[in-house]
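What follows is a set of notes on a single structure, which appears directly below.
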Amino acid sequence: MSKPEIVAIAPLPAFFAKPLHENFTVHDLHGAADAEARRALIAKIAPTTRGMVAFGGSQLAPDQLAKFPHLEIISVFGVGYDGMPLAACAEAKVKVTNTPDVLNDEVADTAVALTLMTCRQFVGAHKFVEAGDWLKGQYPLTHSLWGKTVGIIGLGRIGKGIAERLAAHKMSVAYFGRNKQDVTYTYYSNLVEMAGDVDVLIAITPGGAATKHLVNAAVLQALGPTGFFINVARGSVVDQDALVKAIEAGTIAGAGLDVFEAEPKVPEALFNRRNVVLLPHVASATHETRQAMADLAVENLALHFAGKPVKTLVPELAGKVSP
Ligand code: NAP
Ligand code: 8YV
């Protein structure tokens, strides 16, 4: 029997490509040389392509989805799927799956590391040693986490992992979301109010229209000149121009950022500042976690093509497409 055909719209790392090629016929749309080559490849593969592989940060517009009229499933290699056209997928009965839970610990560890690196200026201190500046004097004092309050924007699977870890660092924990949860942490239904009460503000919500620029100039103003902002969610969650202005003006004390509005482009105004730490969207990027994500992404495709329910259909499509 011939293998089901799938199309990849993101670059596939070897450990993900291998099981995909073993189980499916994989068309590499991401690797197409130019727009003309993309058009030609789509024309060739669209009549027979039934599956798609995307990354958490991939963007697929409804008109791009429509180019694949026989598509049945999009398997996202990531927990976030804000770039997927869910309404169009529901309409076309295309399943979308993601990789929840398997990356919680990694992303929570990264958020804590980024918080420590930012508040304690460990990157600046490292550069200080390499520049030979220690021979001339001491590195300036930085800021503690213990005894301070963290406000988590999005106390979900990963947010809870961050909360547990930062509580162990002797921080008080508050959170903002649309719903108050059955937890002991302090709930805020108003983000500006929470930003005004905390020392560190961490974003870990989904991206997309509902959270676009949730962290705006007013939130940063409320966080204030002793407050730090950490983003491990999506670049779209913060108004990046307002953030750059806040850093330049000292409206906030510093920022630790794993995600940006136009990745991989990062505003140069944020470069070479002791109070800013920049990471290239690596919160889940370890061999162990990316393997677990790949395994789940492949499992969802295999289950679907075996005629079985997928393991992790995104909740917005429950009841709208067959599981
Ligand atoms: P989750 O379990 O679904 O948690 C999401 C949280 O965000 C929930 O607490 C939810 O609470 C809150 N939320 C959702 N929509 C909101 C809105 N419009 N306004 C305010 N709060 C909102 O998701 P997760 O697995 O923790 O992942 C969260 C996100 O982290 C992903 O979607 C992805 O964007 C990002 N992420 C980034 C990386 C990275 O590499 N940097 C890695 C993994 C994940 P309420 O429902 O009560 O509002
Ligand atoms: C990955 C992510 O970096 O899970 C997500 O939502 O953003 C990350 O874990 C991404 O999916 C792979 O590029």
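In each ligand, atom 1 is the first atom listed, and ligand 1 is the first ligand listed.
- The existence of a salt bridge linking D105 and R165 is confirmed by a sub-4.0 Å separation between a basic side-chain nitrogen and an acidic carboxylate oxygen.
- Where the criterion is an N or O separation shorter than 3.5 Å, residue side chain and backbone included, G56 meets it with respect to ligand 2.
- By the 4.5 Å heavy-atom criterion applied to side chains, V200 and C119 are counted as neighbours.
- In terms of protein heavy atoms, atom 2 (C) of ligand 2 is closest to H281 NE2, 3.7 Å.
- The closest donor-acceptor contact from the side chain of K93 to the backbone of C89 lies at 3.5 Å or more, if one exists at all.
- Numbered from 1 in the order shown, with element, the atoms of ligand 1 that lie under 4.0 Å from a heavy atom of V259 read 41 (N).
- Using a 4.0 Å cut-off to heavy atoms of S284, the atoms of ligand 2 that qualify are 1 (C), 3 (O), 8 (C), 9 (O).
- A salt bridge does not link E164 with K160: every distance from a Lys NZ or Arg NE/NH1/NH2 to an Asp or Glu carboxylate oxygen is 4.0 Å or more.
- The ligand atoms of ligand 1 that sit less than 4.0 angstrom from a heavy atom of G154 are 6 (C), 7 (O), 9 (O), 12 (C).
- When only non-hydrogen protein atoms are considered, atom 4 (O) of ligand 1 lies nearest to G156 CA, 3.2 Å.
- For CD of E268, the number of neighbouring non-hydrogen atoms (other residues, nucleotides, ligands) closer than 6.0 Å is 12 at most.
- Here the protein heavy atom with the shortest distance to atom 20 (C) of ligand 1 is F176 CE2, 3.9 Å.
- Contacts between R290 and ligand 2, counted as non-hydrogen atom pairs separated by less than 4.0 Å, involve the side chain only.
- Atom 11 (O) of ligand 2 has F77 O, 2.7 Å as its closest protein atom, hydrogens excluded (heavy atom only).
- Of the possible donor and acceptor atoms, one in the side chain of T211 sits under 3.5 Å from a partner among the backbone N and O of P206.
- Interface atoms of ligand 1 facing G177, defined by a heavy-atom separation under 4.0 Å, are 21 (N), 48 (O).
- In this pair, Y175 and Y185 present their aromatic rings perpendicular. The plane angle is above 60°, beyond the 30 to 60° band.
- K18 NZ: 12 or fewer foreign heavy atoms inside a 6.0 Å radius.
- One finds no salt bridge joining K245 and E248 here, because no Lys/Arg side-chain nitrogen approaches an Asp/Glu carboxylate oxygen to under 4.0 Å.
- Under the 4.0 angstrom criterion, atom 48 (O) of ligand 1 counts as having a protein heavy-atom contact.
- The closest non-hydrogen atom to atom 36 (N) of ligand 1, taken over V232, T289, T110, V107, comes from V232.
- In terms of N/O distances under 3.5 Å, ligand 2 is approached by G80.
- Of the heavy atoms in V76, none comes closer than 4.0 Å to ligand 2.
- Not a single heavy atom of P100 sits closer than 4.0 Å to an atom of ligand 1.
- Judged purely by atom type and a 3.5 angstrom limit, K3 uses its side chain to pair as donor or acceptor with the backbone of H21.
- Of all atoms in ligand 1, listed by their number and element, those nearer than 4.0 Å to a heavy atom of A283 are 39 (C), 40 (O), 41 (N).
- Across I153, N98, I204, L155, heavy-atom proximity to atom 30 (O) of ligand 1 is greatest for I204.
- Here R178 has heavy atoms under 4.0 Å from ligand 1 in both its backbone and its side chain.
- Looking at P206 against ligand 1, both its backbone and its side chain come within 4.0 Å, counting heavy atoms.
- Residues L279 and L201 fall into different hydrophobic clusters, defined by Ile, Leu, Val, Met, Phe, Trp and Tyr side chains chained together at heavy-atom separations under 4.5 Å.
- Using cut-offs of 30° and 60° for the angle between ring planes, the F16 and F77 rings count as parallel.
- The environment of CD in Q221 is sparse: at most 12 heavy-atom neighbours from other residues, nucleotides or ligands sit within 6.0 Å.
- In the vicinity of H281, heavy-atom distances shorter than 4.0 Å reach the ligand 1 atoms 39 (C), 40 (O), 41 (N).
- In terms of polar-atom proximity, F55 is not counted as a contact of ligand 2, lacking any N or O under 3.5 Å from an N or O of the ligand.
- Proximity of V282 to ligand 1, defined as any heavy-atom pair under 4.0 Å, is not found for any part of the residue.
- Under 4.0 angstrom from ligand 1, the non-hydrogen atoms of V79 all belong to its side chain.
- Looking at atom 26 (O) of ligand 1, its nearest protein heavy atom turns out to be I158 N, 3.0 Å.
- Considering only non-hydrogen atoms, atom 29 (C) of ligand 1 lies nearest to T205 out of T211, L214, T205.
- Contacts between N179 and ligand 1 below 4.0 angstrom, taking non-hydrogen atoms only, involve backbone and side chain alike.
- Taking all heavy atoms of Q181, K160, R157 into account, the minimum distance to atom 3 (O) of ligand 1 is reached by R157.
- Checked against the 6.0 Å centroid threshold, F176 and Y187 do not count as a close aromatic pair.
- Checked by distance only, ligand 2 and V79 come closer than 3.5 Å through their nitrogen or oxygen atoms.
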